[in-house]
Structure formats: C-alpha cells, structure tokens
Amino acid sequence: MLNLQAQPSALSIDLARTALLLIDMQRDFLEPGGFGESLGNDVSLLRDCIEPCRAVLAAARAQGLLVIHTREGHRPDLSDAPPAKINRGDPSVRIGAPGPMGRILIRGEPGQDIIPELYPIAGEPVIDKPGKGSFYQTDLELILKNRNIDTLLVGGVTTEVCVHTSVREANDRGFRCVVLADCCGSYFPEFHRVALQMVAAQGGIFGWVSDGEKLRQALQQAGA
Ligand code: TIU
C-alpha cells in the first residue's frame, strides 16, 4: 500500500489495483501541424507536461503498474465521426483534412500516434477513442474491471477537455481518479489551473489532485 499526498486529502493506494492512464499524448495535440494547431492553439504550451509524464511512466513501468494510453481519432472513412464534430472551423484544416503529419486526427496517420517520448511498449493497451471521454465507445472499462483496478493515476492533454471528461466518466463508474497536475497540460493555463481546482473542490467532488513528484516520493517511502 502507498500513501499518496494529494488534494483535498492524502489517499491510500494499492499498486496492484492501480493503473496509470495517459490521455491523448498524441502528435496531433503536441506538435505543430496537427489538430491542436488547426484549432488555433499554441501547441508549445503543452510541452511542459512531457517530462513529468516521462518520469511517471518510467516509475510506473518499474513498478509493473498497468499503463494505458489513449488516442483521440477517427476511422479513415470518418464513419465514427459525428458531423457536428467535423463541421467546425476552417474546412481546409478539419478532421480528415491532409496535413504535414497526415490526415488530421485519423487513426493510422503519423499525427494521430503517441509522441515518441511516451511511446507505448509491448503489453500496454492503447485505447482508440472517438470522443473526448476515454470510456465513451471504448473497451477501457472492461479492461480496468478485468484487472480489478480501482484507482487511476491520470495525466495527459488537455486538462479541461479530454482529461476532465475522462475523469468524470471514471468517477461515475466507481474508479478513484488522481489527476497528476504536472503531467497534464492545456492550451489555456488558466483553464488548467481551474480544471484542477474543480476536481479537488467540495471534498474531492470527482477526484484527487497530486503530482508526479509526490507519486515518486510515495513510491520511495513504500520501498516500492
Ligand atoms: N482541443 C482540446 O483542448 N482538446 C481536444 O480536442 N482533445 C483532447 O483534449 N484530447
């Protein structure tokens, strides 16, 4: 068992029942020329969370924790992409349009894949999801339940969109979520800050907030 410092309170974690969930650390969101930039964002704002994610990923792998990666994206024929999601913004840079990293947010294209710094290794499930939430129309819940997971350590992008949506979904399904603040990023620093506050407010209304350093300290203290 591990005692992890967090807001609004510390929590006790059973590593055998804990998974690291890295959400949408994809080139499409973190590198120029992808979906994130097509929406008018400065993608360099997300880069600060890469190194904390890398350190936590290494620690999780060393502990033999279940590590799960997600990727937002759609089938090449766009049959799983709601028109209401596609038909926004400049048509030349919409989902499915060609870009420097291949077609934007399309499965199998270079831009839709995980950034090289955090690339999944053999045995780590990769969940392709059509929406912002990691549970919507995916087999994530089944994978977690089959492994008896009760707690998720969560990092990824963006804090207020796919991380928040996924944490809300997970919370409603009975999982405890600990959002690792430094392992998340947003194109809007203010949204990042407030999104984290929203998780931990009201006694932890849908989760806890901690960070990668506290997690590594807890692992050390537990002699793990
Ligand atoms: N645009 C934005 O902030 N996020 C997304 O579209 N997807 C994720 O957060 N992964």
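Quantities reported herein were computed from a predicted structural model and do not represent experimental measurements. Read the numbers this way: they start at 1 and go in the same order the structure lists the ligands and their atoms.
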NZ/NE/NH1/NH2 to OD/OE distance under 4.0 Å, D113 and R71 = yes
Any Lys/Arg nitrogen of K129 or D139 sitting under 4.0 Å from an Asp/Glu carboxylate oxygen of the other?
-> no
R147 CZ: over 12 foreign heavy atoms closer than 6.0 Å | no
Tell me, yes or no, whether the heavy-atom count around R173 atom CZ, taken from other residues, nucleotides or ligands under 6.0 Å, exceeds 12.
-> yes
Atoms of ligand 1, numbered as shown, that sit under 4.0 Å from any heavy atom of [X]:
X    : answer
D24  : 8 (C), 10 (N)
F35  : 6 (O)
V157 : 8 (C), 9 (O), 10 (N)

Nearest heavy-atom pair of H74 and P130: which atoms, and what distance?
-> CE1-O, 3.0 Å
To the nearest 0.1 Å, how far is [atom] from its closest protein heavy atom, and which atom is that?
atom                   : result
atom 6 (O) of ligand 1 : K132 NZ, 2.8 Å
atom 2 (C) of ligand 1 : T158 OG1, 3.6 Å
atom 5 (C) of ligand 1 : F29 CE2, 3.4 Å
atom 8 (C) of ligand 1 : C162 SG, 2.6 Å
atom 1 (N) of ligand 1 : L39 CD1, 3.6 Å

Less than 3.5 Å between some nitrogen or oxygen of E72 and one of ligand 1, yes or no?
-> yes
Working for salt bridge (Lys or Arg N to Asp or Glu O under 4.0 Å), residues K85 and E72 = CA-CA 12 Å; K85 182 178 181 184; E72 183 176 347; 2.7 Å; yes
Step through it carefully: locate the ring centre of F206, locate the ring centre of H164, and say whether they are under 6.0 Å apart.
-> yes
